[in-house]
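Just so you know, these numbers use all the heavy atoms, side chains as well, and skip hydrogens, waters and symmetry mates. It should be emphasised that the depicted structure is a prediction, and the values quoted were computed from it without experimental measurement. Quick note: residue numbers are just sequence positions, from 1.
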Amino acid sequence: MSDFSKADIERKVTLKDGDIAPNFSLENSDGVSVNLKDFVGKNVVLYFYPKDNTPGCTTQACEFSALYDDFIGTDSIIVGVSPDSVKSHAGFSTKQSLKHILLSDPDKEVAKLYGVWQVRKNYGKEYLGIVRTTFVIGKDGKILKVYKSVKAKDHAAKVLADLVK
């Protein structure tokens with residue numbers, strides 16, 4: 001018998017290319033509320049990651065930050081979301097000199113809305129967590145591309161290459 005609800009077990013990324021991206025409002029690393037609608041007229045690279053200051057998440061965040069100016073050149077904003085606190089994001093962003101926005105989703109509501117808060121398995125144990133996923137949202141608020149269960153290394157370059165096409 002599972003300790004997870006039926007909704008937890010059945011949750012998966014169902015959003016697809018052409019869907020309107022669900023709107024949300026979360027706090028950034030300065031504690032300021034950021035709304036997805038704030039970015040209408042720009043492409044938004046919205047990436048969900050499990051945890052600040054872990055090897056894969058640090059690699060992914062640093063690679064997005066290293067390519068920040070290239071993303072700006074495609075009229076795109078980079079936004080990372082995890083369940084970590086505003087304080088954790090502030091420390092992570094400072095420590096890694098990140099240039100892009102990090103948003104705090106402590107209640108996992110946005111992660112659930114986007115279908116990325118799922119039952120995961122690691123070393124035979126099941127737990128609820130973020131499945132690393134990226135959504136590229138167009139200037140009109142529609143999803144252009146969904147990258148499911150991505151590997152952290154070199155992901156930012158792949159997303160950028162797809163935006164440049």
A.B. asks: Just grab all the salt bridge (Lys or Arg N to Asp or Glu O under 4.0 Å) pairs involving residues 15-25, residues at least two apart or on different chains.
C.D. replies: K16-D19

A.B. asks: If I compare all heavy atoms of Y47 with all of I78, which pair ends up nearest, and what's the gap?
C.D. replies: CE2-CG2, 3.8 Å

A.B. asks: Within a radius of less than 6.0 Å around NZ of K87, do more than 12 heavy atoms belonging to other residues, nucleotides or ligands occur?
C.D. replies: no

A.B. asks: Kindly say whether T58 contributes a backbone atom to a donor-acceptor pair with the side chain of N53 at under 3.5 angstrom?
C.D. replies: no

A.B. asks: Using atom types as modelled, flag every donor-acceptor pair under 3.5 Å from a side chain in residues 90-98 to any protein atom, sequence neighbours excluded.
C.D. replies:
{"unit_1": "T94", "atom_1": "OG1", "unit_2": "A90", "atom_2": "O", "d": "2.9"}

A.B. asks: Show me the donor-acceptor pairs, under 3.5 Å and distance only, between side chains in residues 33-40 and residues at least two apart or in other chains.
C.D. replies:
{"unit_1": "S33", "atom_1": "OG", "unit_2": "S25", "atom_2": "OG", "d": "2.7"}
{"unit_1": "N35", "atom_1": "OD1", "unit_2": "N23", "atom_2": "ND2", "d": "3.0"}
{"unit_1": "N35", "atom_1": "OD1", "unit_2": "K37", "atom_2": "N", "d": "2.8"}
{"unit_1": "D38", "atom_1": "OD2", "unit_2": "N35", "atom_2": "N", "d": "2.9"}

A.B. asks: Kindly state each residue pair satisfying salt bridge (Lys or Arg N to Asp or Glu O under 4.0 Å) with at least one member in residues 52-62, sequence neighbours excluded.
C.D. replies: none

A.B. asks: Output side-chain donor-acceptor pairs under 3.5 Å for residues 105-113, partner residues at least two apart or in another chain, one line each.
C.D. replies:
{"unit_1": "D105", "atom_1": "OD1", "unit_2": "K108", "atom_2": "N", "d": "3.3"}
{"unit_1": "D105", "atom_1": "OD1", "unit_2": "E109", "atom_2": "N", "d": "3.1"}
{"unit_1": "D105", "atom_1": "OD1", "unit_2": "V110", "atom_2": "N", "d": "3.3"}
{"unit_1": "D105", "atom_1": "OD2", "unit_2": "V110", "atom_2": "N", "d": "3.2"}
{"unit_1": "D105", "atom_1": "OD2", "unit_2": "A111", "atom_2": "N", "d": "2.8"}
{"unit_1": "K108", "atom_1": "NZ", "unit_2": "P106", "atom_2": "O", "d": "3.1"}

A.B. asks: Under 3.5 Å, sequence neighbours excluded: what are the donor-acceptor pairs made by side chains of residues 149-164?
C.D. replies:
{"unit_1": "H155", "atom_1": "NE2", "unit_2": "T134", "atom_2": "OG1", "d": "2.8"}
{"unit_1": "D162", "atom_1": "OD1", "unit_2": "K165", "atom_2": "NZ", "d": "3.3"}
{"unit_1": "D162", "atom_1": "OD2", "unit_2": "Y147", "atom_2": "OH", "d": "2.6"}

A.B. asks: For residues V45 and S76, report the shortest heavy-atom separation together with the two atoms involved.
C.D. replies: CG2-CB, 4.5 Å

A.B. asks: Between the side chain of R132 and the main-chain N/O of P50, is any donor-acceptor distance below 3.5 Å?
C.D. replies: no

A.B. asks: Would you check if the side chain of N28 reaches a backbone N or O of V32 as a donor-acceptor pair within less than 3.5 Å?
C.D. replies: yes

A.B. asks: In the structure I gave you, are the side-chain heavy atoms of L46 and F24 within less than 4.5 Å of one another anywhere?
C.D. replies: yes

A.B. asks: Closest heavy-atom contact between V13 and K148?
C.D. replies: O-NZ, 3.5 Å

A.B. asks: Closest approach of H89 and S82, non-hydrogen atoms and distance?
C.D. replies: CE1-OG, 3.0 Å

A.B. asks: Do the side chain of Y114 and the main chain of P22 share a donor and acceptor less than 3.5 angstrom apart?
C.D. replies: yes

